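A quick write-up on the structure given underneath.
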Amino acid sequence: MNGAITQIEVKLPKNKISIKKLCAKYKWDYLKIIEKTGIKNVYHSSKDESAIKLAISAAKKITKKNKKIDALIYVTQSPEFFLPTNACVIQNRLGLKKNIIAYDINQGCTGFVYGLYNAQLLLQDNLINNVLIICSDTYTKNIKKDNKSCLTLFSDGATAILVKKRKNKKKQYIFYTDGSGENDLKLHFSGNQFVKNKIPELSMDGRKVLIFTMNYVPQIVRKTLKENKVTLDELKYVIFHQASKIVIENLIRKLDIPLNKIYKNYDRFGNTVSSTIPLCLYELRKKKMISKGDKILICGFGVGLSIASTIMEV
Amino acid sequence: MKQSELFKIIKKCLKTKSNIDLKSSSRNIEEWDSLGQLSILTTLDKKFKNKASKLEKLATAETVKDIYSILKKAKLVS
């Protein structure tokens, strides 16, 4: 027994920022930045748009008609609270039934794949038929105004994904974790590291994250194909976490993936962390670019450092 | 690859008019910022057929001398 995604919904903050205008404001070299990141727009949440609010807005589009949610997984690194569990708060605010399992997953760029893996595990339970995954992050709230590399890359947003029980072939998930890269992408002064009068601040060493990605993601992708006994030719699409142009182009080169199998939208939405992959899937469904039975390889990678990959069937 | 060719690659990656030699670094070449560093990493990786990205120290090498030493140790430059 396995699951299938039956609905995806998206909620982006109102504030759409043009990178060109942002560069003009701070006197940054737009052409140089766009050549590497490929990102033309990002979305910055306002003070009133918290990750949990975006999450609830996205999920309402699903739960308005479907209250039969048996499990709720909230993927975020922008928690409203350290306790209570944010998923519990969301259960109440969405008016979902109370006999429900609800928990948070603290993962970033691999978060959606982690969520999907957990959903597949939960669906093996006879009493669970519908799992709601919500991915939501608001990294930009913790980026300093002079942090060019993070400010021109990260975007805020939420996606809600309904996974229903369906009989199909079990898929293998491949995970990779290397916490020695904890400082390569980090929210300083957060959690128990909180320092009075210090606002939690995001920092990234793009060079180290790039090297990690270039070294290990190709290996994980090859292993995902091998373990699922699927060839690259059999895939309809490969969806990578929408990190940036330089990252995705190098993965395409290293894995020799035909360009018609790649779906990308980082240019229009930026790097929305846990929502990048579902945002691509949302567009593919909306544009009717995928049909039943299509195989898609999805691979998230980044903060942790971590990688998570699988093959999903539409 | 010869040392002179490495200098040419770095110059092209950084899109700089400055001369590149063993003394060049992110401190004295204005265009050598984090984006420039990413360009150097990916170009060298392409040039050396995926071998350069395995040299993790290359990610933080911010002088031409260091880059050259790392590549020489890996027997990628002469």
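Note that the structure is a prediction, hence the values are computed from the model and not measured. So that the names make sense, note that chain A is the first sequence line, chain B the second, and so on, each numbered from 1.
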Margin query: Is there a side-chain contact between M312(A) and L281(A) in this structure, where contact means two heavy atoms from C-beta onward sitting under 4.5 Å apart?
Written below: yes

One option among N215(A), I33(A), D205(A) has the most heavy-atom pairs under 4.5 Å with chain B, and it is N215(A)

So, the part of K49(B) with a heavy atom under 4.5 Å from chain A: the answer is neither

Give the intermediate values and the outcome of side chain to side chain contact (heavy atoms under 4.5 Å, CB included) for residues I17(A) and L151(A). CA-CA 10 Å; I17(A) 307 224; L151(A) 215 53; over 6 Å; no

Report the C-alpha separation of Y263(A) and E283(A) in whole Å, then their side-chain angles, then the decisive distance to 0.1 Å, and conclude whether the side chain to side chain donor-acceptor pair (under 3.5 Å) test is met.
CA-CA 10 Å; Y263(A) 190 78; E283(A) 288 202 316; 2.7 Å; yes

Query raised in the report: Between D66(B) and K57(B), is the closest basic N to carboxylate O distance under 4.0 Å?
Result: no

Honestly, the part of E249(A) sitting under 4.5 Å from a heavy atom of chain B is neither

Highest number of heavy-atom pairs under 4.5 Å with chain B among E35(A), K32(A), K148(A) belongs to K32(A)

Under 4.5 Å to a heavy atom of chain A? For Q37(B) that would be side chain

| Strictly by modelled atom types, are K12(B) and T43(B) linked by a side-chain donor-acceptor pair under 3.5 Å? | no

